[in-house]
Amino acid sequence: MNPNAPKASIDRVVGEIERMGAAAHLSQGKFRTVIGAVGEEAILDQNHLASLDGVEKVVPIMKPYKLASREFHEDDSVIEVGGGKVPKVPVGGHHAACIAGPCAVENEQMLYKIARHVRDGGATILRGGVYKPRTSPYSFQGLGTEALKWMRACGDEMGMPICVEVMDTRQVEEMEKYVDCFQIGARNMQNFDLLREVGKTRKPVLLKRGLSASVKEWLMSAEYVLSQGNRGVIMCERGIKTFEDSIRYSLDIGSVPVLNQWSHLPIIVDPSHAAGKRDYVAALALAGMAAGAHGVIVEVHYCPSEAQCDGPQALLPETFKELMVQLRLIAAIHKREFAEAGELASA
Ligand code: PEP
Ligand code: MN
């Protein structure tokens, strides 16, 4: 739309797009409003849209992902995680964020202990799995609802929003009441029903990259969430399967600048699951930030040898704290900043 287009013109264009049978998505920038008309190309009468009052130009987006693309939204999206009893933590643009905590919630005590460690170390969002996607059905599967409630109470007490993996459409309704951010695991990146279901909520979604998904496929998954009206997608590079077996997964550092060019969505890296081993976690986290990530998600445990899940890759609290100091330095080269817990305002 023209920079000075009045609301009536914007409403008219939205109405016309809907009349054609497409969906209209508004993106209000600093200077202008962009209206995304998403639907089959054949039903969209471009000439008619171009002739409407206030329309500056009609630009077909050729990419298969539309709402996730830079063409639709020029500026970096900043997604706010939290609100209510816990602070709102911005992720994206100049705001870097660190999500940390245990792989899985094993009991109430360990959760509080780790949460205190990561908060004191500089993390602003707490992670912790309550439903675990395990390769073996005989491995620890997570404690479910009980652990979800501990996560909520612990986040509230620590002043940290919580990020928890949702594995199934049947879990969305209950989890929505507790979590500040849904995590979609790598194995569920193309669970389209699940993507649509979290897309219907208005809670941010941390979308992990599938183990063998291309960046384009990953963006198409983000599009599923966005197309349901949920704007809060945070992309997470967590390593992909390659022939290399010296490390658990190959963290695709290249996907970070590619995503930053193709999309306005924030991208964070998960060095823990890529590394599979704590010795490599810090280097991968720093490399991700140097490549232009908007933050990291890291697993931490005070007694990794007793962890029920992913112990070998968990950082000790001390090491995590040291890593945060280094991450702040690297973030500065992209003019990004990790907020200090104290400076975040509540909703
Ligand atoms: C996790 O974050 O604990 C996890 C299972 O991650 P991913 O889906 O990336 O394997
Ligand atoms: Mn894990």
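We count ligands from 1, going down the list as the structure has it; atoms in each ligand are counted the same way. No experiment lies behind these values; they were computed from the predicted model shown.
Ser255 and Glu237 share a donor-acceptor pair across their side chains, judged by distance under 3.5 Å alone.
Between Lys208 and Glu165, none of the side-chain N atoms (NZ, or NE/NH1/NH2) sits under 4.0 Å from a carboxylate O, so this pair counts as no salt bridge. Checked for salt-bridge contact, Glu176 and Lys200 miss the test: no charged N lies under 4.0 Å from a carboxylate O. Salt bridge annotation for Arg152-Asp180: present, with a cationic side-chain nitrogen under 4.0 angstrom from a carboxylate oxygen. Between Arg116 and Asp120 there is no salt bridge, since none of the side-chain N atoms of the basic residue sits less than 4.0 Å from a carboxylate O of the acidic one.
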Within the protein, flag every N or O under 3.5 Å from an N or O of ligand 1, and note the pair and distance.
unit_1   : atom_1 : unit_2 : atom_2 : d
ligand 1 : 2 (O)  : Arg127 : NH1    : 2.8
ligand 1 : 2 (O)  : Arg127 : NH2    : 3.4
ligand 1 : 2 (O)  : Gln183 : NE2    : 2.9
ligand 1 : 2 (O)  : Lys208 : NZ     : 3.0
ligand 1 : 3 (O)  : Arg127 : NH2    : 2.9
ligand 1 : 3 (O)  : Lys132 : NZ     : 2.8
ligand 1 : 3 (O)  : His273 : NE2    : 3.1
ligand 1 : 3 (O)  : Glu299 : OE2    : 3.3
ligand 1 : 6 (O)  : Lys208 : NZ     : 2.9
ligand 1 : 8 (O)  : Ala186 : N      : 2.8
ligand 1 : 9 (O)  : Lys208 : NZ     : 2.9
ligand 1 : 9 (O)  : Arg238 : NE     : 2.6
ligand 1 : 9 (O)  : Arg238 : NH2    : 3.4
ligand 1 : 10 (O) : Arg187 : NH1    : 2.9
ligand 1 : 10 (O) : Arg238 : NH2    : 2.7

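For the pair Leu67/His73, no side-chain contact is recorded, criterion being any heavy-atom separation below 4.5 Å from C-beta on.
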Between Met20 and Leu49, does the side chain to side chain contact (heavy atoms under 4.5 Å, CB included) criterion hold? Intermediate values first, please.
CA-CA 10 Å; Met20 291 171 190; Leu49 289 174; 3.9 Å; yes

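For the Mn ion (ligand 2), protein N, O or S atoms closer than 2.8 Å were enumerated as Cys103 SG, His273 NE2, Glu299 OE2, Asp310 OD2, with waters left out.
Screening Lys277, Arg248, His301 for a side-chain hydrogen bond (donor to acceptor under 3.5 Å, both in side chains) involving Gln313 leaves a single residue, Arg248.
Between the CG atom of Leu284 and the CG atom of Asp270 there is a distance of 10.0 Å, given to the nearest 0.5 Å.
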